[in-house]
Amino acid sequence: MKQYYEEVKMKQMKSSDTPSLSVERTRESQARSKTPYLVLSGHVKPGQTSDPKSGFAAAEKDLSRGLTSVTHAWFCIHSSPNPKSIHDAVASFNRIRHMHPPPSILHINKILGSIVKSKHYRTAISLFSQAEFKGFKPCLFTLNILINCYCHLGKMGFAFSLLGKIVKMGYQPHTITLTTLMKGLCINNQTEKSMEFHDEVIAKGFQLNEVSYGTLINGLCKAGKTRAAVQLLHKLKTQAVKPNVVMYTAIIDGFCKEGLVNEACDLFSEMVGLGISPNIVTYSSLICGFCSKGQWQETTRLLKEMASKDINPNVYTFNIMVDAFCKEGRFKEADAVFSKMMKYGKKPDVVTYSALMNGYCLSNNVKESKEIFNKMVRKGLTPDVWSYNILINGYCKIKMVDEALSLYKEMCQKNLVPITITYSYLTDGPGKSGTTSYVQNLVYEMHGSDHSPDIITYGILLDAFFKSQHLDDAITLCDEIVDRGVQPDVYMYSILIDGLCKGGKLNMARDFFNHLLIIGCQLGVYTFNIMVNGLCKEGLFDEAMTLLSKMEENGCMPDSVTFETLIRALLQKKEDDKARKLLSEMSARNLLRQ
DNA sequence: TTAGGGTTAG
């Protein structure tokens with residue numbers, strides 16, 4: 001493994017992704033304002049990321065994917081003040097960047113906002129870095145937009161360092177700033193930290209509102225902590241911020257996803273009892289719950305109830321029903337919903353077509369699925385990663401691997417980034433001997449093109465290789481990645497260590513992990529947990545406990561996952577006393593939230 | 001409409 005990925009390179013990778021949540025009230029802050037403010041101990045400079053895709057070059061690359069220099073110039077001249085596409089927005093930005101006198105920050109924010117709306121987070125960050133270099137000073141709005149971008153890119157360290165910047169610049173973090181950060185933690189699987197952050201900001205006297213709590217409650221539900229979400233909701237009843245339809249709907253949806261439709265209905269009644277009216281989102285969530293259980297009578301009842309309240313089904317509602325019918329193989333009914341959808345003036349979208357495609361694939365009718373795919377394209381819709389995945393999976397299942405690989409190539413050429421499951425379909429299961437290296441070659445072929453694979457692509461591929469038990473291929477891939485000049489990051493090391501542990505190569509995983517520690521690589525709790533889990537699975541409990549101490553020595557605090565892993569291992573070994581001791585410690589550390 | 005929340009497809 002390339003001598004542990006070339007030690008020197010790795011030292012540069014000292015992770016900045018671990019959020020720094022230390023919130024302190026300083027004397028200086030109290031002297032300046034009656035309202036406390038936050039001081040962050042983050043050390044990362046936003047805009048100076050080590051991410052190879054960051055920087056202005058990445059934005060230029062994004063642009064070059066869709067624009068020739070001629071069309072680019074055209075946009076620079078003719079772009080509207082309210083850009084409608086990412087191309088318009090980037091062009092507008094470049095245009096105003098060179099204006100004399102320079103435009104107001106408001107103008108910059110408007111454009112950044114529109115770029116973010118189309119989810120081009122990297123582009124927004126890169127463009128602003130360039131503007132800042134030219135002397136533009138961000139305002140609170142700008143920084144909030146950028147925090148949102150970093151959150152969506154999973155770069156919580158950067159997001160929190162911007163909170164520090166807000167304070168440094170003399171701004172007061174807004175409720176929106178704090179809510180965005182809480183959401184960032186939630187969408188990056190750190191709901192515990194989000195709750196801790198919530199506790200801290202409340203303790204410091206900051207105000208949160210309905211949106212903040214809606215965000216937290218939804219985060220908890222999405223993490224499968226629906227009961228905790230209910231507790232939080234009920235706690236709100238005695239507070240200034242009151243429960244609303246969004247909070248109730250998030251939990252109703254959470255219960256439905258867990259198959260607990262009765263609990264969802266109880267909550268629905270509770271909400272109505274409080275005088276909060278359900279809306280189309282609430283009804284769609286409930287309909288989804290009933291549909292997935294095949295309770296069509298209840299679905300019909302809800303549709304009638306909606307009609308009586310003059311609430312019309314929307315595209316989501318129809319898609320939920322199309323999907324449910326398709327999964328039961330009831331294509332006639334699915335078609336009827338499809339027709340009704342159009343009658344209501346709701347245009348079927350990529351999700352509608354994909355639900356149909358998926359249904360036909362499940363019935364092994366891949367030919368019909370492909371027909372629907374083609375029909376969708378003829379209708380002017382652009383298939384996305386899911387649409388391709390459905391077909392790739394369909395072809396793989398009927399052993400038409402060549403067709404699947406050809407679709408894989410097509411999706412990459414269309415600039416769609418495959419996800420782990422794409423590679424799993426292609427490399428997992430029978431009849432795929434040789435496919436692994438073929439996929440690998442396709443990825444390599446993309447080097448130097450507009451679709452050049454990056455660290456994310458390689459991470460996904462590596463994960464898929466491990467999951468499909470292609471250990472040797474995975475190890476070879478690691479070497480190949482370094483040879484191709486891609487700088488592995490802590491996330492990739494985690495995939496590698498996890499894959500080695502699960503593939504029965506614990507010694508190799510442990511050696512690599514220890515090597516990372518020796519050279520001073522700052523590993524986060526996620527990576528430590530992987531190693532703890534690997535050791536526990538092999539019954540090396542004492543070593544796992546030693547690692548628990550070691551992680552704290554390395555400045556990494558164990559979390560609930562660390563303790564749960566150790567406790568589970570102890571219980572399996574019937575070491576109940578030791579498990580109980582650890583449980584107390586977990587409780588003392590306030591890690592028992594649910 | 002200068003920044004943040006809930007519903008659909010593997």
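The figures that follow rest on heavy atoms only: side chains count, while hydrogens, waters and symmetry mates do not. Just so it is clear, the structure is predicted and the values come from calculations on it, not from any experiment.
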Between Leu416(A) and Pro383(A), which heavy-atom pair has the shortest distance, and what is it? CD1-O, 3.7 Å

Return the value, rounded to whole Å, for the distance between atom CZ of Phe136(A) and atom C1' of dT2(B). 15 Å

May I ask you to check whether Phe338(A) and Tyr353(A) place their ring centres under 6.0 Å from each other? yes

CD1/Ile372(A) to SG/Cys326(A) distance, rounded to the nearest 0.5 angstrom? 7.5 Å

With ring centroids as reference points, do Tyr213(A) and His198(A) lie under 6.0 angstrom apart? yes

How many angstroms lie between CD in Gln231(A) and CG in Leu236(A), if you round to the nearest 0.5 Å? 12.0 Å

Distance between P atoms of dT1(B) and dG6(B) (Å, rounded): 16 Å

In 5'-to-3' order, the base (B), backbone-only (S) or no-contact (-) status of each nucleotide in nucleotides 3-10 of chain B, using a 4.0 angstrom heavy-atom cut-off, is BBBBBBBB

